[in-house]
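In listed order, ligands and their atoms are each counted from 1. Counting begins at 1 with the first residue of the sequence. The analysis underlying the following values was restricted to heavy atoms, covering all of them including side chains, and did not include hydrogens, waters or symmetry mates.
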Amino acid sequence: MSNFTAFVQLAAAVIVGMYFFTRIRTESADSRAAREESKVEAEKLNALRRIHLSEPMTEMSRPGHITDIIGQEDGIRALRSALWGAHPQHVLIYGPPGVGKTAAARVVMEEVKKSPGTPFGKNAAFVEADAAIMRCDERGFADPLIGSVHDPIYQGAGAMGVSGIPQPKPGAVTRAHGGILFLDEIGELPNEQINKLLKVLEDRRVTLESAYYSRGNKNVPAYIRDVFENGLPADFRLIGATTRRPERIPEAIRSRCVEVYFNPLTRADIVRIVTESAMRCGVAIENGVRELIADYSSNGREAVKLLQSSSNLARMEGRAVVSVADAKWAAEAGRYKKRKEPFLKENEKIVDISIIKPK
Ligand SMILES: Nc1ncnc2c1ncn2[C@@H]1O[C@H](COP(=O)(O)OP(=O)(O)OP(=O)(O)O)[C@@H](O)[C@H]1O
Ligand SMILES: [Mg+2]
């Protein structure tokens with residue numbers, strides 16, 4: 001009997017031992033395979049990071065200082081005064097495409113950071129977001145503008161998911177905390193997002209909720225508890241830019257912002273933009289190229305693009321200097337429209353001067 005018991009015990013011990021031995025072997029093989037795979041992926045990522053193309057001309061010619069923004073003196077003045085000093089305001093910039101709205105906001109921010117009493121720190125954020133892609137899905141699983149919560153049911157096997165802990169994901173409004181949120185094409189923002197944004201502007205923080213959050217759950221890390229109890233910080237100034245007319249922007253947004261108008265560019269403005277872009281990008285141009293480019297471009301972005309195409313064409317064909325014929329060919333090949341109407345003179349802006357509307 002005792003021999004039989006000893007035999008059963010031995011057999012059980014062998015079976016349990018084999019079970020654990022096999023399990024340990026499988027697990028270590030799995031983790032070895034995972035380590036190998038992660039090493040290969042890390043090498044691929046590093047190889048990608050070692051590849052750099054040259055800086056695009058659009059980047060090189062980007063205005064770096066307020067004085068580089070051409071033809072928008074009133075708009076710049078209005079924008080600077082709205083953001084200047086101790087009490088910067090929210091701003092809406094109206095204007096046609098490609099006339100310097102985004103470029104101006106960037107350089108003005110650099111300047112107002114140095115204004116007396118400004119609440120913006122030296123490293124204050126300037127977060128650019130495109131309202132057209134700031135849509136959230138209906139149930140709010142992902143909201144790149146406001147922020148969202150990843151509930152455990154969707155997190156799967158991650159550490160937080162397994163422990164049933166909801167994970168807050170900050171959005172652009174929190175990344176802009178302490179600085180500027182530049183929302184391009186603000187007119188494209190869906191109504192639901194506009195309402196959420198207005199609430200954040202009011203509260204200066206984002207409140208997140210989750211059915212999975214419970215105060216009593218001791219597993220919830222302190223910072224997640226803090227987020228659910230006190231919200232995520234989102235104290236920023238909004239600069240919304242739009243190519244739409246003011247009456248097509250929701251009144252609720254308009255009434256909270258100083259409204260600033262950027263002008264269509266005159267022919268003389270575009271000639272200057274081409275001159276300065278050519279200098280910044282080290283492109284030599286023949287006499288008459290600037291005027292020809294101005295004849296074919298309705299805004300600054302088009303002018304810079306056409307200068308780049310003309311310069312590439314000249315380089316490809318071995319010419320160091322861009323000729324009028326190069327620019328004309330590039331304009332016609334690219335189906336740029338030649339302006340029929342006479343260009344405005346410097347003092348004949350279509351849109352009225354920029355105004356500051358009191359809150
Ligand atoms: N007024 C300007 N002065 C100098 N450069 C300009 C001006 N307007 C446009 N540019 C050139 O065109 C580029 C694009 O301009 P920007 O992105 O600021 O236009 P935008 O008004 O924001 O256009 P969109 O409405 O399409 O967003 C700039 O980086 C700059 O090179
Ligand atoms: Mg823009």
Atom 6 (C) of ligand 1: which protein heavy atom is closest, and how many Å away? Ile273 CD1, 3.8 Å
Provide, to 0.1 Å, the distance between atom 17 (O) of ligand 1 and the closest protein heavy atom, together with that atom's residue and name. Arg301 NH2, 3.1 Å
Quick one: do the Tyr213 and Glu229 side chains pair a donor with an acceptor below 3.5 Å? yes
Ala241 to ligand 1, any heavy atom closer than 4.0 Å: no
For Val304, the ligand 1 atoms with a heavy-atom partner under 4.0 Å come out as 31 (O)
Answer yes or no: does an N/O atom from Pro63 fall short of 3.5 Å to an N/O atom of ligand 1? no
Once rounded to the nearest 0.5 Å, what's the spacing between atom SG of Cys281 and atom CD of Gln308? 8.0 Å
Report the part of Asn299 in contact with ligand 1, treating N, CA, C, O as backbone and CB onward as side chain, heavy atoms under 4.0 Å; options are side chain, backbone, both, neither. neither
For the atom pair CG (Leu181) and CD1 (Ile239), what is the distance rounded to the nearest 0.5 Å? 9.0 Å
Looking only at distances, can you tell me whether any N or O atom of Lys101, backbone or side chain, sits closer than 3.5 Å to an N or O atom of ligand 1? yes
Arg204 atom CZ, neighbour heavy-atom count above 12 within 6.0 Å: no
Can you sort out which atoms of ligand 1 are near Ile69, meaning under 4.0 Å from one of its heavy atoms? 1 (N), 3 (N)
Are any of the N/O atoms in Gly98 less than 3.5 Å from those in ligand 1? yes
Just need the protein heavy atom nearest to atom 31 (O) of ligand 1, so name the residue and atom and give the distance. Ser61 O, 3.5 Å
So, taking the atom named OG1 in Thr118 and the one named CG in Leu83, what distance separates them when rounded to the nearest 0.5 Å? 8.5 Å
Per-atom contacts of ligand 1 with Asp184, taking only distances under 4.0 Å to non-hydrogen atoms: 27 (O)
Around atom CD of Glu59, are there more than 12 heavy atoms from other residues, nucleotides or ligands closer than 6.0 Å? yes
Sort out for me which residue in Thr102, Val127, Val91 forms a side-chain contact (heavy atoms from CB on, under 4.5 Å) with Phe182. Thr102
Quick check: does Thr102 get an N/O under 3.5 Å from an N/O on ligand 1? yes
Is the backbone N or O of Ser277 less than 3.5 Å from a side-chain atom of Ser61, with the two atoms forming a donor-acceptor pair by type? no
Side-chain donor-acceptor contact under 3.5 Å, Asp326 with Ser323: yes
Counting only nitrogen or oxygen atoms and a 3.5 angstrom limit, does Val99 reach ligand 1? yes
Minimum-distance protein heavy atom relative to atom 4 (C) of ligand 1: Asp68 O, 3.3 Å
Return the residue, atom name and 0.1 Å-rounded distance of the protein heavy atom closest to atom 10 (N) of ligand 1. Gly300 CA, 3.9 Å
Quick note on ligand 1: atoms under 4.0 Å from a heavy atom of Thr243 include exactly 25 (O)
How far is atom 18 (O) of ligand 1 from the closest protein heavy atom, and which atom is that? Ala103 N, 2.9 Å
Going by atom types alone, do Gln193 and Asp143 pair a side-chain donor with an acceptor below 3.5 Å? yes
Verify the distance criterion only: is there a donor paired with an acceptor across the side chains of Glu302 and Tyr336 at less than 3.5 Å? no
Other residues, nucleotides and ligands only: do more than 12 of their heavy atoms fall within 6.0 Å of CG on Asn287? no
Near Pro97 (heavy-atom distance under 4.0 Å), the atoms of ligand 1 are 23 (O), 25 (O), 26 (O)
Could you tell me whether Ile70 and ligand 1 have an N or O pair separated by under 3.5 Å? yes
